[in-house]
Protein chains: 2
Amino acid sequence: MPATPSHPSLSGASGAPESAADGVGLPVGGAPSFSPLYQQIKSLIMRELQAGVWKPGESIPSELDLAARFKVSQGTVRKAIDELAAENLLVRRQGKGTFVATHAEEQIQYRFLRLMPDEGDDRTMARRLLDVRRTRAPADVARALDIKSGDAVVQLRRVLLTPVQDPSARQQPVVFDEIWLPGQLFKGLSAERLADYKGPMYGMFETEFGVRMIRAEERIRAVPADATAAEVLALPPGTPLLSVERLSFTYGDKPVELRRGLYHTVRHHYRNELN
Amino acid sequence: MPATPSHPSLSGASGAPESAADGVGLPVGGAPSFSPLYQQIKSLIMRELQAGVWKPGESIPSELDLAARFKVSQGTVRKAIDELAAENLLVRRQGKGTFVATHAEEQIQYRFLRLMPDEGDDRTMARRLLDVRRTRAPADVARALDIKSGDAVVQLRRVLLTPVQDPSARQQPVVFDEIWLPGQLFKGLSAERLADYKGPMYGMFETEFGVRMIRAEERIRAVPADATAAEVLALPPGTPLLSVERLSFTYGDKPVELRRGLYHTVRHHYRNELN
DNA sequence: TAGTGGTCTAGACCACCAA
DNA sequence: TGGTGGTCTAGACCACTAC
């Protein structure tokens, strides 16, 4: 960041009447990319988030604070925060402040898992960790994670079972997940730490490794169960399964998790909303 | 609507300094449901959209017009329109105006069809209509469409094929759609009209029947191809297929289409983004 | 009571578009 | 040139939360 005292790199290119029209200058890149003030504020806030200045769950400075800091009006800061809140990077709480979003909260627990039971709406499932291995990335995994083929990766496999209640009834395996993580970011990850951790896995990634998922892309297909999946899910080989390939990203659109889930969709379905 | 002249049912419950604080009164329902001014404006605009005052593709009055009409400031109208634009009900075009969103445009053509080819990004597919029938609604269809079991419905089936280019190559069937529509809303729908119409089906529903889809819910599973699907898609019976059950809604969350698609996902996949 | 986000206004200027 | 949406400001008051 350029050393513009107390007013870093705001290019006053828009209809700012006068007050904020001083910090004129070309952005870091050099190319004259003029953008609205609130977009520049948004970028600055995002940079601080990415740098970890404000940690997940913590509150960020108040709108008036930020307005003073950036030498713009409250309304401009507000519009920047509005967009960040719409992107689920921040959470506003009236009377309390604005907070960095976190996966460790109950509400957002199922933001990424779209599997729903056909009857009822209890989505809680038991977890059973199968194995955790540190290996080298196969070519396709490396390509997805944007690392070099052969780089260290963590591969873990697990099963989700339902129902959770009534341990006398036999739990049915529903999801078989295979997860690939870049080894560089997840150094101390072990089966024990995973097993010990309560709460959502993405919450653990956040608090233990400082890796926060903010976005994901999924490719969904129908595939027949292979021998492994059939055994793990206790189904005949060839049973149609939902294959959900998810690539998750952190700040800066950096891919940090590749996950392939096989869902048994006889009493469950993948729910999607189109807007 | 209460007969408040030129200022229908605005309950001035919030921080309006003075100007718009006159139209005070309880909303129609009777219960004192206080909501921000911009929300009330939003509801009023939505009501006009639903009533068909402004047709899809047409422009709505300018922000200043609406502000004067509703006796609020431009900023308040702006916030209402912002939300409606975020919900894809309106489309803003700088310098031109604000327009009622329509499915008849190229850009939004694939808002609901999430199927993508694994290679390339040409999503165009050829359509082949199999049959159109007017029958009575089975129980499950009636329940989904919120009509009475036995009410008139239109059932139509079709196939989507790829690729479109190079007619010398044999086109491969990829999607087998079965669509149910309430007969009451789609009176003159026939195979001929469907075959004749160029452009997206939802565009036709809009211009020919005044039914605009604004939202949909999908339930996705993996199922084995039954005899019919196997024949239509030219696949062995039992082949895993993606079953996509879509329920589409118009204004007022009224369900108006039930669609079950069976997708062959060997060279295609269903793409989803999680935010 | 003080501080936070939430709403609303009034007025200014800019960017874009069409006539 | 005039009209439209887009940005920005300054200041007011409200609703909620904590002390």
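Letters A, B, ... are given to chains in the order of the sequence lines, protein chains preceding strands, and every chain is numbered from 1.
- In this entry the distance linking CD of B:Q74 with P of C:dT9 reads 11 Å, nearest Å.
- Side-chain N/O atoms of B:K96 include one lying less than 4.0 angstrom from OP1 or OP2 on C:dA18.
- Residues A:H103 and A:F112 place their aromatic rings such that the two centres sit under 6.0 Å apart.
- The side chain of A:S62 sits closest to C:dT4 out of C:dT4, D:dT9, C:dT9.
- Nearest to the side chain of A:L37, among D:dT9, D:dG6, D:dT17, sits D:dT9.
- Contact annotation: A:K79 side-chain N/O to D:dC8 OP1/OP2 distance is not under 4.0 Å.
- In the set C:dC17, C:dG5, D:dG5, the nucleotide with an atom closest to the side chain of A:T98 is C:dG5.
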For B:H269 and A:I220: C-alpha separation, side-chain torsions, deciding distance, then whether side-chain contact (heavy atoms from CB on, under 4.5 Å) applies. CA-CA 6 Å; B:H269 62 271; A:I220 306 172; over 6 Å; no
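- Side-chain proximity of B:Y38 to C:dT7, D:dG6, D:dT9: nearest is C:dT7.
- Counting to the nearest Å, the P atom of D:dT4 and the CG atom of B:L90 are 16 Å from each other.
- Residue B:R78 places at least one side-chain N or O closer than 4.0 Å to OP1 or OP2 of D:dG6.
- Closest contact between the side chain of B:Q94 and the listed nucleotides C:dA15, C:dG6, D:dT9 involves C:dA15.
- Toward the 5′ end of DNA chain D lies the nearest nucleotide of B:I81, the other residue of the pair A:Q39 and B:I81 mapping further downstream.
- Taking for each of B:D65 and A:V77 the nucleotide of DNA chain D with the nearest heavy atom, the 5'-most of the two is the partner of B:D65.
- Nucleotide D:dT9 holds its P atom 13 Å from the CG atom of A:L64, rounded to whole Å.
- Residue A:R92 comes nearest to A:A85 through the heavy atom pair CG-CB, 4.1 Å, listed as atom of the first residue, atom of the second, then distance.
- Atom CG of A:D82 is separated from atom C1' of C:dT7 by 12 Å (rounded to the nearest Å).
- Of the candidates A:K55, A:R212, A:E206, A:T102 forms a side-chain hydrogen bond (donor to acceptor under 3.5 Å, both in side chains) with just one, namely A:E206.
- Atom CD1 of B:I60 is separated from atom C1' of D:dG3 by 15 Å (rounded to the nearest Å).
- Under 4.0 angstrom from either OP1 or OP2 of C:dG5 there lies no side-chain N or O belonging to A:R93.
- When rounded to the nearest whole Å, the span between CZ of B:R92 and P of C:dC17 equals 15 Å.
- Considering all non-hydrogen atoms of both residues, A:I45 and A:L90 come closest at CG2-CD1, 4.5 Å.
- The nearest whole Å value for the distance from the CD atom in A:E63 to the P atom in D:dA10 is 16 Å.
- Atom P of nucleotide D:dG6 and atom NZ of A:K42 are separated by 16 Å, given to the nearest angstrom.
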